[in-house]
There are 2 protein chains.
Amino acid sequence: MYRTKTCGELRLANVGESVTLSGWVQRTRKMGGMTFVDLRDRYGITQLVFDEQTDADQCERANKLGREWVIQIIGEVSERQSKNKNLPTGDIEIIVRQLNVLNESITPPFTIEEQSDGGDDLRMKYRYLDLRRPNVRKNLELRHKFAFEVRRYLDEQGFMEIETPVLVNSTPEGARDFVVPSRMNPGQFYALPQSPQTLKQLLMVAGMDRYFQIVKCFRDEDLRADRQPEFTQIDCEMSFVEQEDILQMFEGMSRHLFKSILNIDIPTLPRMSWADAMKYYGSDKPDTRFDMKFVELMDVLKGTGEFGVFNEAEYIGGICCEGQAVYTRKQLDQLTDFVRRPQIGAKGLVYARVGEDGVLKSSVDKFYSPEVLENLKNAMNAKPGDLILIISGPDTLKARKQLCELRLEMGSRMGLRPKDKFSCLWVIDFPMYEWSDEEQRLMAMHHPFTSPKPEDIPLLDTDPASVRANAYDMVINGVEVGGGSIRIHDAKLQQKIFEILGFTPEQAQQKFGFLMNAFKYGAPPHGGLAYGLDRFVSLFAQLDSIRDCIAFPKNNSGRDVMLDAPGFIDQSQLDELSLAVNLPQD
Amino acid sequence: MYRTKTCGELRLANVGESVTLSGWVQRTRKMGGMTFVDLRDRYGITQLVFDEQTDADQCERANKLGREWVIQIIGEVSERQSKNKNLPTGDIEIIVRQLNVLNESITPPFTIEEQSDGGDDLRMKYRYLDLRRPNVRKNLELRHKFAFEVRRYLDEQGFMEIETPVLVNSTPEGARDFVVPSRMNPGQFYALPQSPQTLKQLLMVAGMDRYFQIVKCFRDEDLRADRQPEFTQIDCEMSFVEQEDILQMFEGMSRHLFKSILNIDIPTLPRMSWADAMKYYGSDKPDTRFDMKFVELMDVLKGTGEFGVFNEAEYIGGICCEGQAVYTRKQLDQLTDFVRRPQIGAKGLVYARVGEDGVLKSSVDKFYSPEVLENLKNAMNAKPGDLILIISGPDTLKARKQLCELRLEMGSRMGLRPKDKFSCLWVIDFPMYEWSDEEQRLMAMHHPFTSPKPEDIPLLDTDPASVRANAYDMVINGVEVGGGSIRIHDAKLQQKIFEILGFTPEQAQQKFGFLMNAFKYGAPPHGGLAYGLDRFVSLFAQLDSIRDCIAFPKNNSGRDVMLDAPGFIDQSQLDELSLAVNLPQD
């Protein structure tokens, strides 16, 4: 037996017990005739004591222990003279009777501490050492607990976890598929699923009623920060439900997760229409940890003065930053630079400070009468000491997005976005379609199986762009953690939606035939949603990147630098697969 | 709201309630002025009643309902005149007030009944209809519960479920990999994992201590019956453990599963050495639901008479089939044909019946003295009325395997292998190596990271073929449901094992370098095992094929006939992947 206790569990009550521990050497220190070793395992750190006077030989061996050696000790639990309040085991230490070295270690390439000296690349190459750091390990522990509590809740609600295949067919629409050549079917390819969307709908046709799956999904996209080629989804679908049933069910799941994992009672989730989210936050995933809502200022500032930019604008909107009138000219110039960055793309920024005397002083003072400025102050509900920031532009959507970025920036600067505060909401009533400049057609905002709101169905013929969908997103702290929709279960309505998306009946049949065929055999009304597990866990763990809650993530080139994957394969493997590699000519 | 109750929950206590139900039309029957509809959902079947006298119009609509139409009804729960004892809801029926057709269905290609008229191919093509059959659905329900109880047990034991990547590197040794071309790394390929073996060992190096994962694995093998290109593993690994710790932990898991899912208390698992399993059952996965152990008869029958076959044999073994002396000559000829089939390959079969008078009559009587025959009877411990069956041959291993097949056949014929009886055991002390005629070298029986038994390590130099491993399989009813080993954590010992397997240091470095490098940084002693979830669930569900517990299985050509996968992809996709298809020339 390698151990009788772990390194995290011994307390004063154990004093006098003889124990066997195993673990890694975190550090050793020699003080006088004593050698102290911090022994670490997954569960904690326990201090070991070797006394030169009692056993000089063994103490000598302890002095030779290196960092990250694996040892086993037998000894007696003893009360510490100087207790360590920062350590759960800090009241005790082990007087070591016997030391066995289980394995040596060469010197690790970076320190195994919460704050490591290793850079990102090095830590990823030696991820198995990086994972020894307690903060990284805790993320995986949280992820385990999170997934388990998801399963516990859904199981209690009668959901069945059903595994859908990983080797499927290439799906049209959506992102690029990863494909897998089939040796047994030469020239043919499987695809890895971007999501089990159609399969879960088939499970509803199959009468499974309540399905879920925590499942790997795959997208061969050019990787941006915080995208992984493989990611994990909490995929859910229910039959005989309306939108309200789904919102209730999954609000309940979120409540269960916050309570069981973070011991936080979250309030009832507010519901915000997509239109309101865009109007007040310039985003379909508003960060509602802080208020600072947009105020539209077209009535106040367009045509009421000589400022040409506003007079030509299609949108003028402002935010009121409480108590920020102290912002210096230099700070305001920084903000202007911020909104002018190409990623944001605003032309400029208008500001106005409300003095302690209640008088508004603005960068566009000279164009407006005092009455207009007073109207502005009132419209913004600004108090003495507040700072008003205004964005305008010829495109309402773009200007709102710019103002959204500014609002988030100010929220961060003002400390209004602490990671340990959580603000959840539902964004509902999404539009069915969005116009694609690239494709020059309406595209499904969610996916082509999303049901329109029944009351908007007549608009499909007259004004499809205004049709709202039975679609919903759950947003937490400005992050879309999940989203879904009620699906179309009526074959005729589905046909119409495909037409609006520009598919001929033949194309629709070719792309979605097997689903549409299945729907001919009694499809129940159904709907569902999917959460991004990595994102959801990252929020709970207060991480900056989803990578930090993934055991073995890939880098921005889609590489696993630890495994050195992907790699080249043998010609014989290619031959078996009836494939040849045609590298692009430089 | 589509329903207030499901079709499985109404009882006499609900009589008088007004309810809303939704589901599928299982069948309709007209009797006099009444129309009866069986309404089905995942939870059960409820009888609906439409009365012509009360609402002729609605009754008329009910008469037009087709099989598998999806309907919603509102009505009142009423006590049935003639109760159906076979149905949990058989005491009640619903007097329907309102009928809404939610979706029509064309006629399904086979009947949605436990005993369907659909053949295998048809049912797989329309798997979403096949899954509506209650017996198929129940398999998935059991699978869900099984996986959940695995997680519950392991979570309680401190295991963390950690997701390992699906896009990994191609592994040497083992079966053929499925590969995934990388667009971002032209000419390079990921591989899909055959198992997370090396990754879970890295997680032990990372200090995760107790890991598990229910995870999809992939092998591009030519498919035999009951093999799937993707299958699911319960993958487990523990640190600071010896074999005994692992056997205890996972015996506990099996006990939990049998109890929580089947309400069966299983006894302590017997442990059988691999050598004994081969000696007494001719198999490393003996079916111990019945006894009928092999008796070696070399002392009794070789050289004690004139029967040349036995006199030249390297192995003679028999089984005693209790009460089967009634077997006719014709039946015995059938058995002889059975063992002579090419899959089994025996040359012939010798039998002996013990008469009611205690006298043994054998097909080789004339070659042996009565004393020898009496010795045979005693050696076999045969009683009056028993049948002795004997196999011999020049190769012990092959003869034992033939006798194993015969034993299983007799067990089946004698009704000794009922699917609802479970006999579990551990097979331990596997050999480290087996000789490969094909490769003309020793091969790892388990995998190259398996630790030899400490007491056998000296034999590595002198007689490696006799070295036993710290490896173990869990066997239930003749099926290997899981297996694993203690791993090597010592880099020098690992190096030696690689040498014996015939790898040069360079080859070992190239194939297993990243794992061996990781082991230099303080690898803890560790070990684990993996269960085949599909097989384990199939046993619990008493299925003939693992396909029956998989929602969307593939056929023997690796095709999903429902999705029609794999399929051809666009030239543009191939170009993006820097690939060309070279179909073999006919």
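Chain A is the first sequence line, chain B the second, and so forth, proteins listed ahead of strands; every chain is numbered from 1.
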Can you tell which part of [X] gets under 4.5 Å to a heavy atom of chain A, answering side chain, backbone, both or neither?
{"X": "B/Leu192", "value": "side chain"}
{"X": "B/Thr198", "value": "neither"}
{"X": "B/Val25", "value": "neither"}
{"X": "B/Gln213", "value": "neither"}
{"X": "B/Ser182", "value": "side chain"}
{"X": "B/Phe212", "value": "side chain"}
{"X": "B/Met204", "value": "backbone"}
{"X": "B/Ile106", "value": "both"}
{"X": "B/Arg133", "value": "neither"}
{"X": "B/Lys145", "value": "neither"}
{"X": "B/Arg143", "value": "side chain"}
{"X": "B/Trp69", "value": "neither"}
{"X": "B/Gln573", "value": "side chain"}
{"X": "B/Leu21", "value": "neither"}

TODO: Show your reasoning for whether salt bridge (Lys or Arg N to Asp or Glu O under 4.0 Å) applies to A/Lys520 and B/Glu104.
DONE: CA-CA 7 Å; A/Lys520 291 176 187 158; B/Glu104 300 185 2; over 6 Å; no
Quick check for you: to the nearest 0.5 Å, what is the distance between [X] atom [atom1] and [Y] atom [atom2]?
{"X": "B/Met1", "Y": "A/Phe240", "atom1": "CE", "atom2": "CZ", "answer": "14.5 Å"}
{"X": "B/Leu167", "Y": "A/Phe218", "atom1": "CG", "atom2": "CZ", "answer": "5.5 Å"}
{"X": "B/Glu141", "Y": "A/Glu161", "atom1": "CD", "atom2": "CD", "answer": "14.5 Å"}
{"X": "A/Arg132", "Y": "B/Met208", "atom1": "CZ", "atom2": "CE", "answer": "10.0 Å"}

Using a 4.5 angstrom heavy-atom cutoff, name the option from [options] with the most pairs to chain A.
{"options": "B/Met184, B/Met160, B/Arg3", "answer": "B/Met160"}
{"options": "B/Arg137, B/Lys554, B/Arg127", "answer": "B/Lys554"}
{"options": "B/Asp564, B/Leu574, B/Leu202", "answer": "B/Leu202"}

Open item on the list: Using only atom types and a distance under 3.5 Å, with no angle test, would you say the side chain of A/Lys216 pairs donor to acceptor with the backbone of B/Thr164?
Closed with: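 A pair under 3.5 Å: yes.
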Where does [X] contact chain B at under 4.5 Å (heavy atoms): side chain, backbone, both or neither?
{"X": "A/Arg40", "result": "neither"}
{"X": "A/Leu577", "result": "side chain"}
{"X": "A/Thr6", "result": "neither"}
{"X": "A/Glu576", "result": "side chain"}
{"X": "A/Thr107", "result": "backbone"}

Open item on the list: For B/Asp209 and A/Tyr43: C-alpha separation, side-chain torsions, deciding distance, then whether side-chain hydrogen bond (donor to acceptor under 3.5 Å, both in side chains) applies.
Closed with: CA-CA 9 Å; B/Asp209 208 78; A/Tyr43 311 96; 2.8 Å; yes
- [ ] Decide salt bridge (Lys or Arg N to Asp or Glu O under 4.0 Å) for A/Arg183 and B/Asp222; before the verdict, give the C-alpha distance in whole Å, the side-chain angles of both, and the deciding distance to 0.1 Å.
- [x] CA-CA 10 Å; A/Arg183 180 181 54 87; B/Asp222 295 318; 3.2 Å; yes
Task: Ring geometry between A/Tyr521 and B/Tyr128 (parallel below 30°, tilted from 30 to 60°, perpendicular above 60°) - done: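 Because their plane-to-plane angle lies in the 30° to 60° range, the rings of B/Tyr128 and A/Tyr521 count as tilted.
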